There are 2 protein chains.
Amino acid sequence: MESKDLRKVGLKVTLPRVKILDILENNTDLHMTAEEVYRSLLESGEDIGLATVYRVLTQFEAAGLVKRHNFEGGSAVFELDDGGHHDHIVCLECGRVEEFVDEVIEDRQKAIADNLGYKISDHSLILYGSCARHECPHKEGDD
Amino acid sequence: MESKDLRKVGLKVTLPRVKILDILENNTDLHMTAEEVYRSLLESGEDIGLATVYRVLTQFEAAGLVKRHNFEGGSAVFELDDGGHHDHIVCLECGRVEEFVDEVIEDRQKAIADNLGYKISDHSLILYGSCARHECPHKEGDD
DNA sequence: AGCACGAGTCAGAATAATTCTCGCTTACTC
DNA sequence: GAGTAAGCGAGAATTATTCTGACTCGTGCT
């Protein structure tokens with residue numbers, strides 16, 4: 001029952017909010033654009049406007065329910081925020097996104113910022129590349 | 001004489017290109033938005049359209065003369081590409097941007113990608129925070 | 001230097017992503 | 001169940017960027 005989550009963060013429990021949260025929770029793809037959420041809503045038969053999707057996602061972000069990422073390629077993507085931090089690796093060929101955490105990197109970041117006299121409030125580390133299924137075609141045994 | 005650089009990458013030596021390259025080379029701020037380059041051109045008395053600035057910067061990017069970064073806050077910023085890679089730390093309060101390189105992080109990134117079966121083609125690491133001049137005000141000895 | 005031609009440029013239109021506006025609707029309070 | 005303010009939907013507005021079409025300039029040839 002997600003309505004509790006909404007209440008908890010001070011948001012009225014409205015149909016669009018519940019539905020959007022539901023989609024974010026049940027979608028196999030963890031990272032969705034506003035458009036994707038919108039289309040998913042339409043498919044579920046919900047008549048919710050794209051503007052509402054953006055508004056709600058932005059509210060969710062402010063409330064800490066979701067995180068917004070700006071990967072390359074135009075649109076921002078949203079994912080549920082479970083509280084834990086992680087970075088991303090994006091396949092430029094198929095769009096697959098995976099998450100990872102690396103303590104060594106996190107520590108170095110802190111050290112670097114410290115060194116330069118900065119207090120870090122956030123950071124974004126995104127690796128772009130091609131995943132295993134797009135191996136170089138002149139190798140045998142390829143897809 | 002930057003015209004050589006342009007020739008080298010197969011771009012005709014035109015006034016807009018030379019002027020834009022000139023601005024990128026002589027501006028104190030290493031990271032400029034297309035708008036900033038455009039305004040800088042106007043100040044120099046050049047009558048070059050914003051669309052041209054975008055086009056030229058995109059060509060420069062394709063040619064490897066500049067790098068485009070998408071920091072938070074909407075507009076992309078461009079910087080001359082000296083060939084060396086570096087990451088960025090951005091002060092959210094004053095907009096200052098500094099660069100850094102850390103071999104440990106670079107190595108870990110490669111290892112992580114390897115581990116997940118990705119071949120990295122690029123990556124973006126941006127630390128956001130506040131720089132030394134924005135220390136918490138209830139500490140003595142502050143700015 | 002002069003010409004031809006294709007690449008380059010300009011201004012403004014077009015696009016894409018996202019946000020805003022405003023009149024209508026709904027969730028929560030009593 | 002009614003009142004009220006917050007929320008919603010559709011489309012306009014905004015912002016960043018790219019495209020279009022007509023005109024111009026840089027470069028190679030003479």
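As a basis for the values below, the full set of heavy atoms in this structure was taken, side chains included, without hydrogen atoms, waters or symmetry mates. Every chain is numbered from 1 and lettered A, B, ... according to where its sequence line falls, protein lines coming before strand lines. As the structure is a prediction and not an experimental result, all values here were calculated from the model.
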Proximity to DNA chain C (any heavy atom under 4.0 Å), residues of residues 37-53 of chain B only: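 The answer is B:Asp47, B:Ile48, B:Gly49, B:Ala51, B:Thr52.
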Can I get a per-line list of side-chain donor-acceptor pairs under 3.5 Å for residues 57-71 of chain A, giving both atom names and the distance, sequence neighbours left out?
unit_1	atom_1	unit_2	atom_2	d
A:Thr58	OG1	A:Tyr54	O	2.8
A:Thr58	OG1	A:Arg68	NH2	3.2
A:Gln59	OE1	A:Arg17	NE	3.3
A:Gln59	OE1	A:Arg17	NH2	3.2
A:Glu61	OE1	A:Arg68	NE	3.0
A:Glu61	OE1	A:Arg68	NH2	3.2
A:His69	NE2	A:Glu79	OE2	2.6

Can you tell me the distance, in whole Å, between the [atom1] atom of [X] and the [atom2] atom of [N]?
| X | N | atom1 | atom2 | value |
| --- | --- | --- | --- | --- |
| B:Asn70 | D:dT15 | CG | P | 19 Å |
| B:Leu57 | D:dT18 | CG | P | 10 Å |
| B:Leu21 | C:dG8 | CG | C1' | 16 Å |
| A:Lys19 | D:dC8 | NZ | P | 14 Å |

So what does A:Thr33 hit on the nucleic acid, given a heavy-atom distance under 4.0 Å: a base, only sugar-phosphate, or nothing?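 Counting heavy atoms under 4.0 Å across all strands, no contact is made by A:Thr33.
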Shorter than 3.5 Å, N or O on both sides, protein versus nucleotides 14-17 of chain C: list them out with atom names.
unit_1	atom_1	unit_2	atom_2	d
C:dA17	OP1	A:Ser75	OG	3.3

At how many degrees, to 10°, do the end axes of the helix from C:dA1-D:dT30 to C:dC30-D:dG1 meet when each uses five pairs?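 If I round to tens, the end axes sit 40° apart.
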N-O pairing of B:Lys8 and B:Asp5 below 4.0 Å: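 Looking at B:Lys8 and B:Asp5, the cut-off is met.
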Non-neighbouring partners of [X] that pass salt bridge (charged side-chain N to carboxylate O under 4.0 Å, His left out), sequence neighbours left out:
| X | value |
| --- | --- |
| A:Asp102 | B:Arg108 |
| A:Glu72 | none |
| A:Glu93 | none |

Quick check on the hydrophobic clustering: are [X] and [Y] connected, directly or via other members, by side-chain heavy-atom contacts under 4.5 Å?
| X | Y | value |
| --- | --- | --- |
| B:Tyr128 | A:Leu125 | no |
| B:Leu80 | B:Val56 | yes |
| A:Leu30 | A:Ile23 | no |

Classify every nucleotide of nucleotides 21-30 of chain D by which part a protein heavy atom approaches to under 4.0 Å, writing B for the base, S for the sugar-phosphate alone and - for neither, in 5'-to-3' order. -----SS---
Pairs touching residues 13-40 of chain A that satisfy ring-ring contact (aromatic ring centres under 6.0 Å, His included), sequence neighbours left out: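 For residues 13-40 of chain A, and leaving out neighbouring residues, the ring-ring contact (aromatic ring centres under 6.0 Å, His included) pairs sorted by first residue read A:His31-A:His88.
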Qualifying ring-ring contact (aromatic ring centres under 6.0 Å, His included) pairs, either residue in residues 89-113 of chain A, two or more places apart: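 Residue pairs with at least one partner in residues 89-113 of chain A: there are none.
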Which salt bridge (charged side-chain N to carboxylate O under 4.0 Å, His left out) pairs, counting each pair once, include a residue from residues 50-60 of chain B, with sequence neighbours left out?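 For residues 50-60 of chain B, and leaving out neighbouring residues, there are no salt bridge (charged side-chain N to carboxylate O under 4.0 Å, His left out) pairs at all.
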Would B:Lys110 and B:Ile120 count as a side chain to side chain contact (heavy atoms under 4.5 Å, CB included) if you check the C-alpha gap in whole Å, the side-chain angles of each, and the deciding distance to 0.1 Å? CA-CA 7 Å; B:Lys110 209 160 300 171; B:Ile120 290 195; 5.6 Å; no
With B:Ser75, which residues qualify under side-chain contact (heavy atoms from CB on, under 4.5 Å), at least two apart?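 Testing B:Ser75 for side-chain contact (heavy atoms from CB on, under 4.5 Å), a comparison that skips the adjacent residues, returns B:Thr33.
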